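Okay, structure first, notes after.
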Amino acid sequence: MIAALKPAGGAGLLDDLRWRGLVHQCTDEAIAGRAFAEGSSAYIGFDPTAPSLHIGSLQQILLLRRLQDAGQRPIALIGGGTGMIGDPSGKSAERTLQGLDTIAGHADGIRTQLERFLAFEGPHAARLCNNFDWLSDMSLIAFLRDIGKHFSVNAMVQRDSVRARLQEREHGISYTEFSYMLLQAYDFLILYRDFGCQAQLGGSDQWGNIVSGVDLVRRLVPTRAADETRAGAPALGPPFGLTSPLLTTRSGAKFGKTEQGTIWLDAGRTSPFALYQFCLASDDADVPALLRRLTLLPRDEIEALEARHMAEPSARVGQRALATAVVELCHGQGGVRAAERATTVLFTGDPGDADLGELQEIFADVPSHVVSAADWQAEASALRLLLVGEGRPFASNGEAKRKLQEGAVRLNGQKVTATLNDPVPSESLIDGRAAVIRIGRKQTWLVCVAAPTEEEAG
RNA sequence: GGAGGAUUGCCCGAGCGGCUAAAGGGGGCAGACUGUAAAUCUGCUGGCGAGAGCCUACGGUGGUUCGAAUCCACCAUCCUCCA
């Protein structure tokens, strides 16, 4: 019923995806267009290689969401079974196999995250599957007879993902990973046949796997002829696949991998503040694509933002909108507020107007360290205690000295000119105990001195 | 099985008895300029030390030498050629 209220949603879906730059290759755009117009079901697979998805996966998650919003039924497939094999696509070396428990744990984490983005109830309820369910107890003989027979090794060897590894004698490819493609194709077969899923979507690196799946379904399941009408035909149209370009930065690097590590969607791994900052620091040239692909903002709104972004890039309108939208999607309004508050304190105000409790709240997600009162006393409040050591900005005295000489260290907003052994006057600390330390513009630390115990105080 | 060659700091790569904490490049961090952008320019990029300086480091272990990343022996790993 809701679907009937917005028929344009499905029909315009493919156009919207194209406009957003989410269409790289499609096995058959005519079939895709018809399927979307009529209302269909599509799936995307997620590998349980880590307990959390990262921002690179956000594009795929939102793609499912866009389908759902346009009246399609999205299926998220967690690769609990295929994750035990390892996808060779885009990998230069054989992967280390992970344990069953590890993968199951990862799958749980990923499920929780997906639930935040998709509606699992209602007219186009999303569905979550785990291919472990049908792969785990499959017999090898059955697999080879029923599935393997339909694949030509000659063709498989031609796939980019395999060919690259065959040519590289140093790494090679194991039989295990070579077989991966068959498993993923089998997934599509199961989903098509048993779950009514007409399409598989994925990143452009998945093209080979997706095409294999489409081929397998075509061979094994009788489908409605492309020009037949719905009446009297099987419910499901012919299978199709569609890939999206992988997100990269303008310098070609994989999106979401920084020197500090991956940008995760789990707040425990990458705080809302860090995620917000990551978006806010986006390259101008990347902003339009990111707005289109990583937010649910409507087209006209994005076009207006892009116009302002181009006209006056220094206002950073695009980055701000991006950061807000992404953080809201991942962590809700509360996450946005926390991130904005921290950003404001950090970049515009003197952190000193906040008291200690407030600071801890604002910077809950910034690395922090507590110096013991005894050490503080013993070393005469030496600056070193705030700067060097675990949980603090510098790993060695030498590094701290260099950065001090470069004028890179700020303590509560004031540039530090002292040397490491100089005492820190208590006026320069918040409540005499806490310091927001910034190294350059991008690194922030919160260090405070523990309150002396009664014994030490006395 | 035989004959050669390789193994250097985060990565690539020069050095081939002292002038080497090790050229050069990349990456990273910082400073300047800016807009928490890009580009550019500059500095830094093993540890301890206020400093002189000391310590640790050129696949591993021993050795030669006043002195070794550099020479020798053995071991390990990789590559090439011949069986």
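Throughout, a chain's letter reflects where its sequence line sits, starting with A, and its residues are numbered from 1. Predicted model, so just to flag it, every value in this text is computed and none were measured.
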Ignoring hydrogens and angles, state whether a donor on the side chain of A:Ser244 or A:Arg293 is under 3.5 Å from an acceptor on the partner side chain. no

Span that lies between the C1' atom of B:C19 and that of B:G1, in whole angstrom: 47 Å

Between B:A6 and B:C55 - C1' atom distance, rounded Å: 31 Å

Separation of A:Arg320 atom CZ from B:U36 atom C1', in whole Å? 9 Å

Please report the distance separating the P of B:A22 from the corresponding atom of B:G47, rounded so that it comes out in whole Å. 14 Å

Euclidean distance for C1', B:A73 against B:U80 (whole angstrom): 24 Å

Select base, sugar-phosphate, or nothing to describe what A:Asp283 touches, counting heavy atoms under 4.0 Å on all strands. sugar-phosphate

Have a look at A:Leu420 and say if it touches a base, only the backbone sugar-phosphate, or nothing, with a 4.0 Å heavy-atom cut-off. nothing

Please determine, by modelled atom types, if A:Asn209 and A:Ser212 share a side-chain donor-acceptor pair under 3.5 angstrom. no

Taking the C1' atom in each of B:C33 and B:G67, what is the distance between them to the nearest angstrom? 49 Å

Contiguous Watson-Crick or G-U pair runs (3 or more, under 3.5 Å) in RNA chain B: B:1-7 with B:76-82, B:10-12 with B:24-26, B:27-32 with B:40-45, B:46-48 with B:53-55, B:59-63 with B:71-75

Say we look at B:U36 and B:C29: how far apart would their C1' atoms be, to the nearest angstrom? 16 Å

Would you say A:Val436 and A:Val345 make side-chain contact, with heavy atoms under 4.5 Å? no

Is there a donor in the side chain of A:Gln113 and an acceptor in the side chain of A:Ser52, or the other way round, less than 3.5 Å apart? yes

Could you state the interatomic distance from CD1 (A:Ile44) to CD (A:Gln59), rounded to the nearest 0.5 Å? 9.0 Å

Take atom CZ of A:Arg18 as the centre, draw a 6.0 Å sphere, and report whether it contains more than 12 heavy atoms from other residues, nucleotides or ligands. yes

Show the distances under 3.5 angstrom between N or O atoms of the protein and N or O atoms of nucleotides 50-57 of chain B.
residue	atom	partner	partner atom	Å
B:A50	OP1	A:Asn421	ND2	3.3

Quote, to the nearest angstrom, the P distance that separates B:C16 from B:U70. 13 Å

Face-on cation placement of A:Arg292 at A:Trp19 ring, 6.0 Å and 45° thresholds: yes

Answer yes if the side chains of A:Glu379 and A:Asn421 hold a donor-acceptor pair under 3.5 Å, and no otherwise. no

Separation of B:A37 P from A:Leu290 CG (nearest whole Å): 16 Å

Residue closer to the 5' end of RNA chain B, A:Gln319 versus A:Gly440 (nearest nucleotide): A:Gly440

Using the P atom as the reference point in each nucleotide, state the distance between B:U7 and B:A14 in Å, no decimals. 8 Å

Counting side-chain heavy atoms from C-beta on, which of B:U36, B:G35, B:A30 comes nearest to A:Ala281? B:U36

What pairs of nitrogen or oxygen atoms, one from the protein and one from nucleotides 42-46 of chain B, lie under 3.5 Å apart?
residue	atom	partner	partner atom	Å
B:G43	N2	A:Glu406	OE2	3.0
B:C44	O2'	A:Arg402	NE	3.2

Could you tell me the separation between the CZ atom of A:Phe394 and the P atom of B:C29, rounded to a whole number of Å? 13 Å

Rounding to a whole Å, what distance do you find between A:Arg410:CZ and B:G31:C1'? 11 Å

Quick one: does A:Val327's side chain get under 4.5 Å of A:Phe273's, heavy atoms only? no

Indicate the ring-plane relationship of A:Tyr186 and A:Phe143, choosing parallel, tilted or perpendicular according to the 30° and 60° boundaries. perpendicular

When the distance from CD of A:Gln405 to P of B:C29 is rounded to whole Å, what number comes out? 20 Å

Rounded to whole Å, how long is the line connecting atom NZ of A:Lys415 with atom P of B:G31? 8 Å

Would you say the side-chain atoms of A:Asp87 and A:Gln206 include a donor-acceptor pair closer than 3.5 Å? yes

Could you tell me the separation between the CZ atom of A:Arg316 and the OG atom of A:Ser282, rounded to the nearest 0.5 Å? 8.5 Å

Expressed in angstrom and rounded to an integer, what is the separation of A:Glu399 atom CD from B:C48 atom C1'? 15 Å

Verify the neighbour count for atom CE of A:Met310: are there more than 12 heavy atoms of other residues, nucleotides or ligands below 6.0 Å? no

Select from A:Val388 and A:Ala408 the residue whose nearest nucleotide in RNA chain B is closer to the 5' end of that strand. A:Ala408

Tell me: NZ of A:Lys442 to P of B:C29, nearest whole Å? 7 Å

